[in-house]
Amino acid sequence: MPGEEIFYLSVSELAKRIESKKLSPVELTQAYLDRSQKIGPRLNAYARLTPELALEQAKAAEKEILRGHYRGPLHGIPYAAKDLLAVKGLPTTWGAKPYADQVFDYSATVIEHLNRVGAVMLGKASMIELAGGMGYRFASASLQGEAKNPWDTTCWTCGSSSGSGAIVSAGLAAFAIGTETWGSIICPSAFCGVSGLRPTYGRVSRYGAMALAPSMDKIGPMARSAEDCARIFAAIAGHDPKDRGTVPIDKGAFTYSPSMELHSRPLKIGWLTNAWKSLEPGVAKPIEAAARILKKYYSSVKDAALPVGPWEDAGNIIVAVECAASFRSLIRAGRVNELTDPLGQIAGYVNEQYSAADYLQALKVREIIQKKMDSLFETYDVIVAAAQPIAATPLTLNLETELVFPDPLGGIGNICGLPAMSVPCGFTEKNLPVGLQFVGRAGDDFAVIQAGRTFQSHTDWHRKHPKIH
Amino acid sequence: MGNKSESAISRREFARRAAFVSAAASLAPSKLLRPESIAAPLQAQQPANAPKLSPEGQAEVESRIQSIFARYGNRLSDAQKADIRRLAAEAQPPLDRLRAFPTDNGDGPGLYLKPLMEREKKPSPIPATAKPATTPKNS
């Protein structure tokens with residue numbers, strides 16, 4: 001059986017061993033399953049493990065590889081999918097009691113893409129109920145209970161891709177698929193010390209994924225490195241006629257190989273001075289160190305500022321209105337009462353009350369900030385800031401009252417559909433991970449990957465992992 | 001009668017408020033339609049740290065609350081009703097900021113089917129001879 005170190009190898013490293021037949025996908029899958037069965041419940045990381053499906057896929061992968069048919073870097077690689085992605089014949093709960101028995105007779109496009117490249121699904125990752133669309137007050141707002149941070153199990157993973165963060169961080173799978181409407185990939189990646197990519201809006205099909213705010217929902221990878229994210233993104237990106245939100249064929253696909261970076265452009269980096277009002281002292285130190293590293297390797301790093309305006313207000317109203325529409329039947333039927341979180345039980349009623357005129361004003365404001373951001377990206381290829389101003393918070397924290405701070409970068413990035421990546425950049429004095437966030441122009445996912453990859457080529461924070469017994 | 005600021009309410013604003021209140025009309029007394037009568041109970045019931053709202057804002061909040069209570073009141077506990085009051089009040093300042101942001105008649109809504117990069121941006125140039133800023137030393 002593979003040793004402990006195998007669980008923290010990157011996709012690229014695992015792929016090399018699998019391709020050269022030094023590592024059996026079946027043994028790797030079984031090892032991850034055993035570990036997930038042992039550690040997963042302690043972290044509330046999974047909604048469900050799917051060992052039969054995983055072993056079936058792993059055996060098929062192994063058979064093909066032994067016959068010389070190697071499909072590529074995800075062939076035989078075990079992963080977890082956030083439990084809002086439909087997998088034919090399996091329960092897809094959206095993390096919420098009203099949908100606990102929901103089963104689809106088709107799979108999400110993302111799952112189909114991963115099947116096509118031979119990846120092995122270990123199970124469905126736990127998540128905040130309805131991806132947090134109804135609002136939530138506590139980390140426990142999930143059918144699976146609060147997801148515990150592998151770095152400190154008294155702390156939260158952040159949400160809503162909470163299980164995805166815990167799974168990758170604890171070495172329960174080689175990668176996971178998360179989703180983000182606002183912060184749900186970037187924050188868990190930062191809190192859990194993993195690398196997460198929020199792709200450009202429309203780059204990855206949402207067909208078969210739970211809709212929260214259809215004009216803002218995005219799907220992306222959470223993994224051990226920027227390079228792994230690039231490889232996974234290459235497998236799942238692309239136009240999909242089943243999702244009218246996807247960009248056209250010529251702009252949807254993404255290809256990646258490390259050699260691309262040899263021909264890549266020197267990035268112009270903007271260091272954001274107004275992304276956060278202030279940083280927690282434990283976060284500020286690693287972020288300052290990260291700034292020094294970037295300045296050492298990119299002579300072009302200059303201070304930059306986000307435009308000022310009601311961008312977050314617009315984003316909040318867009319999410320509120322679209323979520324109320326997405327879950328209209330749940331709200332009207334009163335089944336929001338079945339949600340775990342007290343805020344989730346009522347916020348839908350308030351969100352239903354916004355007027356169409358206010359929603360359209362928010363969309364107009366979105367158009368304005370999209371143009372402003374595009375102008376900013378005439379000067380910079382990538383803008384950078386701390387992924388979060390704080391590190392992982394206690395499980396019992398009241399998020400509504402004690403975790404409130406402006407997030408203009410998250411608001412702007414998500415209403416404009418901009419790609420972003422969080423990479424680990426150090427630890428607080430309490431040994432909690434800190435994330436660094438790169439944000440790029442819409443469509444320029446490669447720039448944020450390149451920035452993350454360059455940062456990781458000069459640091460080893462992404463190679464650190466929690467001690468789990 | 002309303003004060004000066006209330007009398008300056010546009011027809012559109014009035015129509016919007018009326019729409020909010022219409023759902024509550026069957027349960028709420030007709031005087032609720034008047035902003036000054038709406039503001040008073042809201043002020044009385046808001047927690048101390050509630051946002052400070054204009055009379056118009058308070059009226060709007062109260063109309064939203066009444067609309068919710070008219071439709072869903074029988075399924076809400078007192079604690080939930082109090083929470084809804086708070087949430088409705090907290091939602092008002094962001095709305096006011098958003099409405100105050102100048103937009104022109106010609107500003108289009110940023111619809112999700114057409115991300116900006118799809119509509120009008122040319123791809124960023126990639127210099128053929130560019131050297132990488134750094135050479136990755138590991139994978």
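Naming convention: chains lettered A, B, ... in sequence-line order (proteins, then strands); numbering from 1 in each chain.
Across every non-hydrogen atom of B:P109 and A:L360, the tightest pair is CB-CD2, 4.2 Å. Heavy atoms only, all atoms of each residue included: B:L87 and A:A347 are closest at CD1-CA, 4.3 Å.
For NZ of A:K372, the number of neighbouring non-hydrogen atoms (other residues, nucleotides, ligands) closer than 6.0 Å is 12 at most. Shown here is B:D78, whose CG atom has no more than 12 heavy atoms of other residues, nucleotides or ligands within 6.0 Å. A 6.0 Å sphere centred on CZ of A:R332 holds more than 12 heavy atoms belonging to other residues, nucleotides or ligands.
Heavy atoms closer than 4.5 Å to chain A are found in the backbone of B:P102, but not in its side chain. Of the atoms belonging to A:I318, not a single heavy atom falls under 4.5 Å from chain B. Contacts of A:N337 with chain B are made by side-chain atoms alone, with heavy-atom separations under 4.5 Å and no backbone atom involved.
A distance-only check finds a donor-acceptor pair linking the side chain of A:K364 to the backbone of B:D104 [under 3.5 Å]. Checked by atom type and distance alone, the side chain of B:Q80 never pairs as donor or acceptor with a backbone atom of A:P342 at under 3.5 Å. The closest donor-acceptor contact from the side chain of A:R366 to the backbone of B:G110 lies under 3.5 Å.
Between B:F101 and A:W311, the ring planes are perpendicular. Angles over 60° get that label, and only those under 30° would be called parallel.
Here CD1 of B:I68 is found 9.0 Å from CD1 of A:I346. Values are rounded to the nearest 0.5 Å. Taken to the nearest 0.5 Å, the CD atom of A:E352 stands 6.0 Å off from the CZ atom of B:R71. Taken to the nearest 0.5 Å, the OG1 atom of B:T103 stands 6.0 Å off from the CD1 atom of A:I368.
Remark: the B:R75 side chain and the A:Y349 side chain contain an N/O donor-acceptor pair separated by less than 3.5 Å. B:R64 and A:Y354 share no donor-acceptor pair across their side chains, judged by distance under 3.5 Å alone.
Under the salt bridge (charged side-chain N to carboxylate O under 4.0 Å, His left out) criterion, A:E400 pairs with A:R137, B:R86, not counting sequence neighbours. Listed by chain and residue number, A:T109, A:S205 satisfy the side-chain hydrogen bond (donor to acceptor under 3.5 Å, both in side chains) test with A:D240 (two or more places apart in sequence, or in another chain).
Residues B:R97 and A:D313 are paired through a salt bridge, judged by an N-O separation under 4.0 Å between the basic side chain and the carboxylate.
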(message) The test is side chain to side chain contact (heavy atoms under 4.5 Å, CB included); show your working for A:L343 and B:D83 and say whether it passes.
(response) CA-CA 8 Å; A:L343 186 58; B:D83 248 358; 5.6 Å; no
(message) Go through it in stages, so that I can follow the logic: the residues are A:E367 and B:D107, the test is side chain to side chain contact (heavy atoms under 4.5 Å, CB included), and I'd like the CA-CA distance, side-chain angles, deciding distance and then a yes or no.
(response) CA-CA 8 Å; A:E367 175 90 357; B:D107 288 328; 5.8 Å; no
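Options B:A79, B:G108, B:A100 differ in how many heavy-atom pairs under 4.5 Å they form with chain A, and the most are formed by B:G108. Ranking A:A447, A:G334, A:G417 against chain B, the residue ahead of the rest is A:G334, based on heavy-atom pairs under 4.5 Å. The most heavy-atom pairs under 4.5 Å with chain B, out of A:P310, A:A226, A:A362, come from A:P310.
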